[in-house]
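Heads up: the structure comes next, in C-alpha coordinates.
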Amino acid sequence: MQKMAAQGVSCCLLFFCLVLGASSRKAVRNSTQSPPVVIWHGMGDSCCKGLTLHFIRLVKEAIPGIYVLPLEIGSTVEEDIKNGYFMNLNDQVELVCNILSKDKKLQNGYNAMGFSQGGQFIRAVAQRCPSPAMINLITFGSPHQGVYGVPHCPGESSDICDWIRKLLNYGAYRSLIQNHLVQAEYWHDPLNEELYRNKSVFLADINQERGINESYKENLMKLKKFVMIKFLKDSVVDPIDSEWFGFYKAGQAKDTYTLQESILYKEDRLGLKAMDKLNKLEFLSVDGDHLQFSQEWFNTNIVPYLN
Ligand SMILES: *[C@@H]1O[C@H](CO)[C@@H](O)[C@H](O)[C@H]1NC(C)=O
Ligand SMILES: *[C@@H]1O[C@H](CO)[C@@H](O)[C@H](O)[C@H]1NC(C)=O
(Lines give C-alpha, C1' and ligand atoms only; values in the text may rest on other atoms or scores of the structure.)
(Ligands and ions follow the chains in the order given, each with its own letter.)
Protein backbone atom coordinates (compact mmCIF):
# COMPACT_ATOMS: atom_id res chain seq x y z
CA MET A 1 0.00 0.00 0.00
CA GLN A 2 2.70 2.38 1.11
CA LYS A 3 4.85 1.29 -1.78
CA MET A 4 2.06 1.95 -4.24
CA ALA A 5 1.43 5.39 -2.78
CA ALA A 6 5.11 6.17 -3.02
CA GLN A 7 5.11 4.99 -6.60
CA GLY A 8 2.10 7.18 -7.24
CA VAL A 9 3.89 10.16 -5.74
CA SER A 10 7.04 9.60 -7.73
CA CYS A 11 4.96 9.05 -10.82
CA CYS A 12 3.19 12.29 -10.18
CA LEU A 13 6.48 14.00 -9.51
CA LEU A 14 7.89 12.63 -12.72
CA PHE A 15 4.83 13.86 -14.63
CA PHE A 16 5.07 17.24 -12.95
CA CYS A 17 8.75 17.51 -13.76
CA LEU A 18 8.14 16.59 -17.37
CA VAL A 19 5.45 19.25 -17.69
CA LEU A 20 7.57 21.81 -15.91
CA GLY A 21 10.61 20.87 -17.94
CA ALA A 22 8.69 21.15 -21.17
CA SER A 23 7.21 24.52 -20.26
CA SER A 24 10.49 25.99 -19.07
CA ARG A 25 12.25 24.71 -22.18
CA LYS A 26 9.57 26.41 -24.20
CA ALA A 27 10.00 29.65 -22.28
CA VAL A 28 13.77 29.58 -22.77
CA ARG A 29 13.34 28.82 -26.42
CA ASN A 30 11.00 31.75 -26.89
CA SER A 31 13.56 34.26 -25.75
CA THR A 32 16.68 32.75 -27.28
CA GLN A 33 15.35 30.87 -30.25
CA SER A 34 16.94 33.21 -32.77
CA PRO A 35 20.73 33.26 -33.01
CA PRO A 36 22.47 36.47 -31.95
CA VAL A 37 23.03 39.17 -34.53
CA VAL A 38 26.37 40.92 -35.06
CA ILE A 39 26.29 44.30 -36.84
CA TRP A 40 29.19 46.07 -38.56
CA HIS A 41 28.27 49.69 -39.21
CA GLY A 42 29.02 51.80 -42.26
CA MET A 43 31.35 54.68 -43.05
CA GLY A 44 30.86 57.77 -40.92
CA ASP A 45 28.74 55.77 -38.48
CA SER A 46 29.57 53.95 -35.25
CA CYS A 47 28.48 51.08 -33.08
CA CYS A 48 26.28 53.14 -30.88
CA LYS A 49 24.81 56.15 -32.58
CA GLY A 50 22.52 57.29 -35.39
CA LEU A 51 21.65 54.81 -38.08
CA THR A 52 23.08 51.82 -36.20
CA LEU A 53 20.69 52.40 -33.31
CA HIS A 54 17.84 52.47 -35.80
CA PHE A 55 18.89 49.11 -37.29
CA ILE A 56 19.29 47.55 -33.83
CA ARG A 57 15.79 48.73 -32.97
CA LEU A 58 14.38 47.13 -36.14
CA VAL A 59 15.90 43.78 -35.19
CA LYS A 60 14.79 43.96 -31.56
CA GLU A 61 11.25 44.98 -32.39
CA ALA A 62 10.92 42.10 -34.83
CA ILE A 63 12.51 39.55 -32.49
CA PRO A 64 12.09 40.54 -28.83
CA GLY A 65 14.80 39.24 -26.51
CA ILE A 66 17.36 38.69 -29.27
CA TYR A 67 21.02 39.41 -28.49
CA VAL A 68 22.45 42.07 -30.82
CA LEU A 69 26.13 42.96 -30.81
CA PRO A 70 27.01 46.18 -32.63
CA LEU A 71 30.74 46.11 -33.30
CA GLU A 72 32.80 48.95 -31.87
CA ILE A 73 36.18 49.44 -33.52
CA GLY A 74 38.06 51.27 -30.77
CA SER A 75 37.20 52.21 -27.24
CA THR A 76 34.97 55.24 -27.81
CA VAL A 77 32.32 56.22 -30.35
CA GLU A 78 34.63 58.95 -31.72
CA GLU A 79 37.46 56.47 -32.15
CA ASP A 80 35.06 54.03 -33.81
CA ILE A 81 34.04 56.64 -36.40
CA LYS A 82 37.66 57.69 -37.00
CA ASN A 83 38.78 54.08 -37.42
CA GLY A 84 36.16 53.68 -40.15
CA TYR A 85 38.40 55.98 -42.20
CA PHE A 86 41.91 55.39 -40.94
CA MET A 87 42.50 52.01 -39.30
CA ASN A 88 44.02 49.37 -41.55
CA LEU A 89 41.27 46.94 -42.51
CA ASN A 90 43.30 43.82 -41.90
CA ASP A 91 43.82 45.01 -38.33
CA GLN A 92 40.12 45.83 -38.00
CA VAL A 93 39.12 42.34 -39.12
CA GLU A 94 41.58 40.79 -36.68
CA LEU A 95 40.21 42.94 -33.87
CA VAL A 96 36.67 41.86 -34.69
CA CYS A 97 37.63 38.17 -34.87
CA ASN A 98 39.03 38.58 -31.37
CA ILE A 99 35.86 40.23 -30.05
CA LEU A 100 33.69 37.48 -31.53
CA SER A 101 35.82 34.62 -30.23
CA LYS A 102 35.62 36.00 -26.69
CA ASP A 103 31.85 36.61 -26.62
CA LYS A 104 30.28 33.57 -24.90
CA LYS A 105 26.85 34.34 -26.30
CA LEU A 106 28.06 33.83 -29.87
CA GLN A 107 29.64 30.44 -29.50
CA ASN A 108 26.67 28.51 -30.95
CA GLY A 109 26.74 30.65 -34.06
CA TYR A 110 25.44 34.05 -35.10
CA ASN A 111 23.93 35.92 -38.01
CA ALA A 112 25.84 38.89 -39.37
CA MET A 113 24.58 42.12 -40.89
CA GLY A 114 26.99 44.54 -42.54
CA PHE A 115 25.92 48.00 -43.57
CA SER A 116 27.64 49.74 -46.45
CA GLN A 117 31.42 49.19 -46.20
CA GLY A 118 30.78 47.14 -43.03
CA GLY A 119 29.40 44.44 -45.37
CA GLN A 120 32.61 43.60 -47.18
CA PHE A 121 34.50 43.89 -43.88
CA ILE A 122 32.29 41.36 -42.12
CA ARG A 123 32.52 39.08 -45.17
CA ALA A 124 36.26 39.07 -44.52
CA VAL A 125 35.48 37.90 -40.98
CA ALA A 126 33.48 34.96 -42.45
CA GLN A 127 36.42 34.10 -44.72
CA ARG A 128 39.19 34.46 -42.17
CA CYS A 129 37.60 33.48 -38.85
CA PRO A 130 35.32 30.46 -39.06
CA SER A 131 34.87 30.21 -35.30
CA PRO A 132 32.39 31.09 -33.90
CA ALA A 133 30.33 30.15 -36.94
CA MET A 134 28.55 32.74 -39.00
CA ILE A 135 25.19 31.33 -40.11
CA ASN A 136 23.70 33.90 -42.49
CA LEU A 137 25.53 36.93 -43.86
CA ILE A 138 23.40 39.90 -44.93
CA THR A 139 25.03 42.90 -46.56
CA PHE A 140 23.22 46.17 -47.18
CA GLY A 141 24.58 48.32 -50.00
CA SER A 142 28.10 46.89 -49.59
CA PRO A 143 30.55 47.28 -52.48
CA HIS A 144 31.93 43.72 -52.61
CA GLN A 145 33.98 44.55 -55.70
CA GLY A 146 35.08 47.88 -54.31
CA VAL A 147 34.33 51.40 -55.51
CA TYR A 148 35.65 53.70 -58.18
CA GLY A 149 34.25 56.90 -56.79
CA VAL A 150 32.52 58.18 -53.67
CA PRO A 151 29.98 60.55 -55.24
CA HIS A 152 28.19 61.36 -52.00
CA CYS A 153 29.11 60.81 -48.41
CA PRO A 154 26.67 59.42 -45.90
CA GLY A 155 25.78 61.55 -42.90
CA GLU A 156 27.46 64.85 -42.12
CA SER A 157 30.97 63.89 -43.10
CA SER A 158 31.32 66.00 -46.26
CA ASP A 159 34.58 67.71 -45.19
CA ILE A 160 36.31 64.46 -44.42
CA CYS A 161 34.95 63.03 -47.67
CA ASP A 162 36.39 65.82 -49.79
CA TRP A 163 39.72 65.17 -48.19
CA ILE A 164 39.47 61.42 -48.80
CA ARG A 165 38.64 62.01 -52.47
CA LYS A 166 41.79 64.14 -52.76
CA LEU A 167 43.91 61.38 -51.21
CA LEU A 168 42.40 58.73 -53.49
CA ASN A 169 43.07 60.89 -56.54
CA TYR A 170 46.59 61.52 -55.39
CA GLY A 171 47.31 57.81 -55.36
CA ALA A 172 45.07 55.17 -53.81
CA TYR A 173 47.67 52.48 -54.39
CA ARG A 174 50.65 54.32 -52.87
CA SER A 175 51.62 52.21 -49.89
CA LEU A 176 51.32 54.99 -47.32
CA ILE A 177 47.73 55.62 -48.40
CA GLN A 178 46.90 51.92 -48.85
CA ASN A 179 47.96 51.08 -45.36
CA HIS A 180 46.18 53.91 -43.62
CA LEU A 181 43.11 54.93 -45.61
CA VAL A 182 40.24 52.47 -45.37
CA GLN A 183 38.53 53.61 -48.58
CA ALA A 184 41.78 53.13 -50.51
CA GLU A 185 41.83 49.53 -49.32
CA TYR A 186 38.69 48.80 -51.31
CA TRP A 187 39.43 51.27 -54.11
CA HIS A 188 39.13 49.39 -57.40
CA ASP A 189 40.46 51.25 -60.43
CA PRO A 190 39.15 49.59 -63.63
CA LEU A 191 41.68 51.61 -65.67
CA ASN A 192 44.50 50.01 -63.67
CA GLU A 193 43.33 46.51 -62.84
CA GLU A 194 46.84 45.16 -62.56
CA LEU A 195 47.90 47.87 -60.15
CA TYR A 196 44.80 47.17 -58.07
CA ARG A 197 45.53 43.45 -58.07
CA ASN A 198 49.13 44.05 -57.01
CA LYS A 199 48.65 46.76 -54.44
CA SER A 200 45.25 46.53 -52.77
CA VAL A 201 46.06 45.32 -49.26
CA PHE A 202 42.51 44.28 -48.42
CA LEU A 203 39.97 43.86 -51.20
CA ALA A 204 42.24 42.16 -53.73
CA ASP A 205 43.19 39.72 -50.98
CA ILE A 206 39.68 38.79 -49.82
CA ASN A 207 38.49 38.61 -53.44
CA GLN A 208 41.26 36.13 -54.30
CA GLU A 209 42.75 38.43 -56.97
CA ARG A 210 46.39 37.51 -56.35
CA GLY A 211 46.01 33.84 -55.55
CA ILE A 212 43.51 31.45 -54.08
CA ASN A 213 43.43 30.97 -50.35
CA GLU A 214 41.49 27.73 -50.08
CA SER A 215 40.44 28.47 -46.52
CA TYR A 216 38.66 31.67 -47.63
CA LYS A 217 36.64 29.59 -50.05
CA GLU A 218 35.92 26.79 -47.60
CA ASN A 219 34.91 29.20 -44.86
CA LEU A 220 32.62 31.32 -47.02
CA MET A 221 30.88 28.21 -48.30
CA LYS A 222 29.97 27.29 -44.73
CA LEU A 223 27.39 30.08 -44.73
CA LYS A 224 23.80 28.95 -44.91
CA LYS A 225 22.77 32.06 -46.85
CA PHE A 226 24.64 35.03 -48.23
CA VAL A 227 22.12 37.82 -48.84
CA MET A 228 23.18 40.92 -50.80
CA ILE A 229 20.97 43.98 -50.92
CA LYS A 230 21.43 46.46 -53.75
CA PHE A 231 19.97 49.98 -53.59
CA LEU A 232 18.88 50.89 -57.08
CA LYS A 233 19.17 54.65 -56.52
CA ASP A 234 22.34 54.51 -54.46
CA SER A 235 24.21 57.83 -54.55
CA VAL A 236 27.12 56.74 -52.33
CA VAL A 237 28.48 53.59 -53.98
CA ASP A 238 29.93 53.70 -57.52
CA PRO A 239 29.19 51.45 -59.33
CA ILE A 240 25.98 50.23 -57.68
CA ASP A 241 26.53 46.81 -59.33
CA SER A 242 29.33 46.25 -56.81
CA GLU A 243 26.64 45.61 -54.18
CA TRP A 244 25.91 42.34 -56.04
CA PHE A 245 29.59 41.64 -56.84
CA GLY A 246 29.49 43.24 -60.29
CA PHE A 247 31.97 45.88 -61.45
CA TYR A 248 33.21 48.02 -64.35
CA LYS A 249 34.70 46.03 -67.20
CA ALA A 250 38.47 46.58 -67.33
CA GLY A 251 39.83 49.59 -69.18
CA GLN A 252 36.82 51.91 -68.83
CA ALA A 253 34.31 53.10 -66.25
CA LYS A 254 30.92 52.85 -67.92
CA ASP A 255 29.93 49.28 -68.86
CA THR A 256 29.67 46.78 -66.06
CA TYR A 257 29.72 43.00 -65.68
CA THR A 258 27.69 40.89 -63.30
CA LEU A 259 28.98 38.42 -60.74
CA GLN A 260 27.95 35.56 -63.03
CA GLU A 261 30.03 37.07 -65.86
CA SER A 262 33.11 37.58 -63.71
CA ILE A 263 36.30 35.52 -63.58
CA LEU A 264 35.79 35.29 -59.83
CA TYR A 265 32.59 33.34 -60.54
CA LYS A 266 33.56 31.46 -63.68
CA GLU A 267 36.74 30.09 -62.09
CA ASP A 268 34.88 29.86 -58.79
CA ARG A 269 37.81 31.36 -56.97
CA LEU A 270 35.76 32.17 -53.85
CA GLY A 271 33.09 29.46 -53.87
CA LEU A 272 30.36 31.84 -54.99
CA LYS A 273 29.47 29.76 -58.03
CA ALA A 274 29.09 26.64 -55.91
CA MET A 275 27.04 28.61 -53.40
CA ASP A 276 24.83 29.92 -56.20
CA LYS A 277 24.17 26.37 -57.42
CA LEU A 278 23.21 25.40 -53.86
CA ASN A 279 20.79 28.35 -53.65
CA LYS A 280 22.86 29.95 -50.93
CA LEU A 281 23.04 33.35 -52.61
CA GLU A 282 20.15 35.78 -52.43
CA PHE A 283 20.12 38.96 -54.49
CA LEU A 284 17.64 41.51 -53.16
CA SER A 285 17.07 45.04 -54.36
CA VAL A 286 15.43 48.13 -52.95
CA ASP A 287 14.24 50.98 -55.11
CA GLY A 288 15.84 53.67 -52.99
CA ASP A 289 19.02 55.52 -52.04
CA HIS A 290 21.86 54.11 -49.93
CA LEU A 291 20.53 52.15 -46.91
CA GLN A 292 17.03 53.56 -47.36
CA PHE A 293 14.40 50.93 -46.61
CA SER A 294 11.24 50.75 -44.55
CA GLN A 295 10.52 48.72 -41.45
CA GLU A 296 7.90 46.76 -43.45
CA TRP A 297 10.47 45.88 -46.09
CA PHE A 298 12.91 44.80 -43.38
CA ASN A 299 10.32 42.65 -41.60
CA THR A 300 9.22 40.93 -44.80
CA ASN A 301 12.58 40.44 -46.50
CA ILE A 302 15.24 40.27 -43.81
CA VAL A 303 13.71 39.03 -40.56
CA PRO A 304 13.12 35.52 -42.00
CA TYR A 305 16.92 35.17 -42.27
CA LEU A 306 17.35 36.10 -38.62
CA ASN A 307 14.89 33.59 -37.18
C1 LIG B 1 44.78 32.06 -45.84
O2 LIG B 1 43.95 32.67 -44.90
C3 LIG B 1 44.19 32.27 -43.56
C4 LIG B 1 43.11 32.91 -42.71
O5 LIG B 1 43.17 34.30 -42.76
C6 LIG B 1 45.59 32.68 -43.16
O7 LIG B 1 45.85 32.25 -41.84
C8 LIG B 1 46.59 32.07 -44.11
O9 LIG B 1 47.87 32.54 -43.81
C10 LIG B 1 46.24 32.40 -45.55
N11 LIG B 1 47.09 31.66 -46.44
C12 LIG B 1 47.82 32.22 -47.39
C13 LIG B 1 48.60 31.30 -48.25
O14 LIG B 1 47.85 33.44 -47.55
C1 LIG C 1 52.33 43.64 -60.80
O2 LIG C 1 53.16 42.64 -60.24
C3 LIG C 1 53.82 41.84 -61.23
C4 LIG C 1 54.52 40.71 -60.51
O5 LIG C 1 55.30 41.19 -59.46
C6 LIG C 1 54.76 42.72 -62.05
O7 LIG C 1 55.41 41.96 -63.02
C8 LIG C 1 53.96 43.85 -62.68
O9 LIG C 1 54.83 44.73 -63.35
C10 LIG C 1 53.15 44.60 -61.65
N11 LIG C 1 52.29 45.53 -62.34
C12 LIG C 1 51.98 46.74 -61.85
C13 LIG C 1 51.15 47.62 -62.72
O14 LIG C 1 52.33 47.12 -60.75
Side-chain angles (χ1 to χ4, degrees), residues 38 40 71 73 83 87-103 106-107 109-110 112 114 117-137 139 142-149 167-224 226 245 247-253 257 262-265 267-275 280:
V38 173
W40 197 326
L71 292 168
I73 315 298
N83 286 338
M87 182 178 177
N88 184 294
L89 275 172
N90 294 315
D91 298 337
Q92 293 197 41
V93 169
E94 197 179 329
L95 179 87
V96 166
C97 289
N98 243 313
I99 294 173
L100 302 185
S101 71
K102 288 195 183 113
D103 191 324
L106 303 178
Q107 302 313 308
Y110 65 94
Q117 66 181 16
Q120 67 270 27
F121 305 169
I122 204 157
R123 170 165 64 86
V125 171
Q127 293 176 205
R128 290 182 185 166
C129 308
S131 171
M134 192 184 290
I135 304 164
N136 293 327
L137 167 61
T139 64
S142 306
H144 287 287
Q145 272 295 1
V147 295
Y148 186 53
L167 281 178
L168 290 170
N169 285 333
Y170 172 69
Y173 301 122
R174 285 169 194 254
S175 67
L176 190 68
I177 295 178
Q178 264 300 304
N179 288 313
H180 297 285
L181 180 63
V182 164
Q183 288 69 33
E185 293 164 19
Y186 62 87
W187 189 253
H188 187 165
D189 184 345
L191 308 180
N192 288 292
E193 282 286 342
E194 193 177 299
L195 194 61
Y196 157 71
R197 201 172 304 127
N198 281 4
K199 301 287 186 184
S200 164
V201 297
F202 175 74
L203 194 69
D205 176 71
I206 65 162
N207 283 358
Q208 311 270 50
E209 294 277 3
R210 285 189 283 266
I212 295 185
N213 185 326
E214 287 296 336
S215 67
Y216 285 0
K217 196 169 164 177
E218 248 167 62
N219 291 337
L220 194 67
M221 288 176 67
K222 286 180 187 151
L223 289 173
K224 207 165 134 208
F226 178 9
F245 260 103
F247 205 68
Y248 289 122
K249 292 178 182 165
Q252 48 90 62
Y257 58 82
S262 69
I263 291 170
L264 180 71
Y265 186 92
E267 294 180 359
D268 207 13
R269 298 172 72 87
L270 192 52
L272 291 169
K273 184 177 178 181
M275 290 174 78
K280 287 182 170 217

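Computed from heavy atoms alone, side chains included, the values below leave out hydrogens, waters and symmetry copies. Values in this document were obtained by computation on a predicted structure and should not be read as measured data. Sequence positions, counted from 1, serve as the residue numbers for this chain. Whatever order the structure lists them in is the order used to number ligands and atoms, beginning at 1.
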Passing option when V125 is tested against N219, V38, V93 for side-chain contact (heavy atoms from CB on, under 4.5 Å):
V93
Where do S101 and S131 come nearest, in terms of heavy atoms and distance?
CB-O, 4.5 Å
For atom CD of E193, is the number of surrounding heavy atoms from other residues, nucleotides or ligands below 6.0 Å larger than 12?
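Yes, CD of E193 has more than 12 neighbouring heavy atoms, counting only those of other groups under 6.0 Å.
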Qualifying residues under salt bridge (Lys or Arg N to Asp or Glu O under 4.0 Å), relative to R197, sequence neighbours excluded
E209
The atoms of ligand 2 lying under 4.0 Å from a heavy atom of E194, numbered in the order shown, are 1 (C), 8 (C), 9 (O), 10 (C), 11 (N), 12 (C), 13 (C)
Going by the atom numbers of ligand 2, which of them fall below 4.0 Å from some non-hydrogen atom of N198?
1 (C), 2 (O), 3 (C), 8 (C), 10 (C), 11 (N), 12 (C), 14 (O)
List in chain and number order the residues that pass ring-ring contact (aromatic ring centres under 6.0 Å, His included) with Y216, two or more places apart in sequence or in another chain; answer none if no residue qualifies.
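Partners of Y216 under the ring-ring contact (aromatic ring centres under 6.0 Å, His included) test: none.
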Could you list all the salt bridge (Lys or Arg N to Asp or Glu O under 4.0 Å) pairs where at least one residue sits in residues 118-128, not counting sequence neighbours?
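Pairs touching residues 118-128 that pass the test: R128-D205.
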Pair Q117, Y186: side-chain N/O donor-acceptor within cut-off below 3.5 Å
yes
Taking any residue with a non-hydrogen atom under 4.0 angstrom from an atom of ligand 1, which ones do you get?
R128, N213, S215, Y216
